[in-house]
Amino acid sequence: MRIRFKDSVLGDFIQYQLYSKKVRAQLKQLTNSTTNVAAIYYKNLKSLELKIPPLEEQKKIAAILDAADDYRQKTKALIDKYDQLIQSLFLDMFGDPVTNPKGWEKVILESCLTKVQKIGKSFSEETIQYVDIASVDNVGNIIKETTEFRTDERPSRAQQILLSNDIIYSTVRPNLKNIAINHVDGRISSTGFFVCRTSKDLLNSSFLFHVLLSDSTTDYFVGITSERIILLLKVRI
């Protein structure tokens with residue numbers, strides 16, 4: 001949707017406000033989740049509460065945030081180079097995980113994983129820390145934040161109970177590499193993630209994490225997206 005502001009409001013300033021955690025929490029409350037894809041209507045967006053200082057103050061704040069964003073972009077470029085180096089080292093040591101040029105023994109991934117529990121009637125926590133797609137920073141591949149909900153008011157997709165070292169892999173748009181390792185017991189993930197909980201005596205979670213991050217694995221999943229990424233269970237590693 002197109003939004004046009006009055007002359008007393010700077011669009012860049014509003015844009016940065018929309019990025020903020022507080023405003024995004026408001027937006028979540030305003031979304032219509034009656035369909036599989038949450039959406040927000042214009043009439044709801046107009047009711048969003050924002051703090052608008054004088055125009056000159058907006059310009060100063062936007063300029064500071066522009067500089068910070070420029071620094072973030074440069075940092076992202078460094079991270080990208082670092083990721084490329086890691087991938088290169090990984091391929092040198094283990095070979096391409098899809099074509100397997102080094103001839104490693106192949107096993108079914110499912111046989112190396114353990115069961116992930118879902119919230120049931122015995123779940124006694126009053127609140128949850130929810131991990132959804134927006135929680136994942138796909139540049140650093142970390143869980144950057146969670147959203148707190150009362151258990152009885154949680155989204156319907158908040159089902160999977162995470163443990164430390166679980167790998168979460170988004171089953172939607174695999175090209176975006178929304179992949180991360182969870183480091184906190186008890187978080188609740190969306191069913192939009194495939195949760196890989198490795199059996200420690202069969203598969204190292206860090207090794208699997210780098211397999212899933214590799215470009216060749218991503219390309220493979222992109223190729224079978226129409227057949228649903230849940231076929232991950234059938235991938236040989």
Side-chain angles (χ1 to χ4, degrees), residues 21 24-40 108-200 203 205-206 208-213 217-218 220-237:
K21 186 175 181 180
R24 285 191 287 113
Q26 282 192 63
L27 289 170
K28 283 187 178 181
Q29 295 297 321
L30 295 173
T31 55
N32 182 331
S33 300
T34 57
T35 62
N36 289 332
V37 179
I40 186 167
I108 300 297
L109 176 58
E110 186 178 24
S111 68
C112 301
L113 303 179
T114 60
K115 186 176 181 180
V116 176
Q117 298 295 324
K118 293 187 176 182
I119 291 180
K121 294 181 179 179
S122 61
F123 189 80
S124 59
E125 300 294 331
E126 292 185 2
T127 61
I128 66 165
Q129 295 298 321
Y130 179 47
V131 179
D132 62 2
I133 303 300
S135 302
V136 175
D137 173 4
N138 63 356
V139 176
N141 292 107
I142 59 172
I143 298 173
K144 61 183 179 181
E145 62 183 7
T146 60
T147 305
E148 183 172 303
F149 287 98
R150 284 182 51 87
T151 300
D152 58 355
E153 296 176 352
R154 73 188 190 277
S156 60
R157 302 191 81 177
Q159 295 289 339
Q160 303 183 101
I161 304 174
L162 298 178
L163 296 179
S164 182
N165 289 324
D166 283 349
I167 300 169
I168 56 174
Y169 189 103
S170 172
T171 60
V172 178
R173 300 176 70 185
N175 59 300
L176 297 181
K177 292 191 177 184
N178 286 307
I179 310 166
I181 298 181
N182 175 59
H183 295 293
V184 180
D185 285 346
R187 286 171 169 170
I188 306 300
S189 87
S190 166
T191 52
F193 289 111
F194 179 68
V195 179
C196 299
R197 181 173 298 163
T198 61
S199 178
K200 293 180 181 179
L203 180 61
S205 60
S206 293
L208 176 60
F209 178 64
H210 287 292
V211 168
L212 296 176
L213 273 179
T217 299
T218 299
Y220 173 75
F221 285 143
V222 169
I224 64 169
T225 298
S226 61
E227 302 170 26
R228 295 190 60 84
I229 295 302
I230 201 62
L231 291 176
L232 175 69
L233 288 175
K234 296 183 180 179
V235 175
R236 297 181 180 273
I237 60 172

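Residue numbers run from 1 in the order of the sequence given.
- For residues 127-166, the pairs satisfying ring pair (Phe, Tyr, Trp, His ring centres under 6.0 Å) are Y130-F149, with sequence neighbours left out.
- For residues 111-135, the salt bridge (charged side-chain N to carboxylate O under 4.0 Å, His left out) pairs, not counting sequence neighbours, are K28-D132.
- Atom CG of residue D166 and atom CZ of residue F193 lie 12.0 Å apart, to the nearest 0.5 angstrom.
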field: Full working for side-chain contact (heavy atoms from CB on, under 4.5 Å) between C196 and L212
entry: CA-CA 10 Å; C196 299; L212 296 176; 4.3 Å; yes
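- Checked against side chain to side chain donor-acceptor pair (under 3.5 Å), E145 has the following partners two or more places apart in sequence or in another chain: R24.
- Not counting sequence neighbours, T127 has no partner by the side chain to side chain donor-acceptor pair (under 3.5 Å) test.
- Among residues two or more places apart in sequence or in another chain, the side chain to side chain donor-acceptor pair (under 3.5 Å) test is passed with N165 by none.
- With sequence neighbours excluded, the residues satisfying side-chain contact (heavy atoms from CB on, under 4.5 Å) with S206 are N204.
- S205 pairs by the side chain to side chain donor-acceptor pair (under 3.5 Å) definition with nothing, not counting sequence neighbours.
- Legend: residues meeting side-chain contact (heavy atoms from CB on, under 4.5 Å) with N175, ordered by chain and number and at least two apart, are R173, V222.
- Qualifying side-chain contact (heavy atoms from CB on, under 4.5 Å) partners for S111, counting only residues two or more places apart in sequence or in other chains: V107, I108.
- Counting only residues at least two apart or in different chains, ring pair (Phe, Tyr, Trp, His ring centres under 6.0 Å) contacts with residues 171-190 are absent.
- Considering only residues two or more places apart in sequence or on other chains, R154 meets the salt bridge (charged side-chain N to carboxylate O under 4.0 Å, His left out) condition with none of them.
- For V116, the side-chain contact (heavy atoms from CB on, under 4.5 Å) test picks out Q160, V195, R197, with sequence neighbours left out.
- Judged by distance alone, the side chain of N141 and the main-chain N or O of K177 form a donor-acceptor pair under 3.5 Å.
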